Amino acid sequence: MTIRKIIRMGNPVLREKARAVTEEEILDQTFSELISDMVDTLHDSGGIGLAAPQVGESIQIVVVEIPGGETRYGFIPPLPLTTLINPIISITEAKEAGYWEGCLSIPGLRGFVERPQGIHIEGLGPEGNKISLQFDGFLATVLQHELDHLDGKLYIDNIKSPELLVYEEEYLEFIAIQNE
Ligand code: ZN
């Protein structure tokens, strides 16, 4: 088990466009080690998604795992641990919904971001197998947040007004309560 250091906003790697993973790389031992390190790091952080650039590797990998259940956003379907390599996204539902997003690379803050609520992703799984998945609602938001990391984007880029960026503690004190 290896926990990698999560880099924070300000580190230029987070603003780079991540390169695609090659077939040769996927077959390499160090590649599967990187993925298992990313999963360990995600679990250790308590987060729901992690992109390779967040551990300083500018390549196209994301891991996502969502416990799901009843939340202030309503019922969220659980998503088992999913690894996506070289993902290509298309919007299937342009209608947007907003959520207060957080990011392991921007600790302590939350920002309200509106995103399309239906997406389709084509890509590869951890063994190089082809993957084709549909995500709707909150899951579509989570996946767009993670895939943005591969484009060198952060959620704060999508916040429409500075008032919609707050500290986590104040979010819980003043905003979350109103939505319960
Ligand atoms: Zn993030």
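Since we're looking at a predicted model, the values are computed, not measured. The chain is numbered in sequence order, starting from 1. Counting convention: from 1, in listed order, for ligands and their atoms alike.
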Could you check whether R115 pairs with E101 (Lys NZ or Arg NE/NH1/NH2 to Asp/Glu carboxylate O, under 4.0 Å)? yes
Backbone N/O of G118 and side chain of T92: donor-acceptor pair under 3.5 Å: yes
Could you pull out the N/O/S protein atoms under 2.8 Å of the Zn ion (ligand 1), ignoring any water? C103 SG, H145 NE2, H149 NE2
So, the side chain of T83 versus the backbone of G125: is there a donor-acceptor pair under 3.5 Å, distance only? no
Keeping S58 on the side-chain end and G56 on the backbone end, is there a donor-acceptor pair under 3.5 Å? no
Would the F112 and Y99 ring centres measure less than 6.0 Å apart? no
Side chain to side chain donor-acceptor pair (under 3.5 Å) partner of R4, chosen from D44, T41, D37, D40: D37
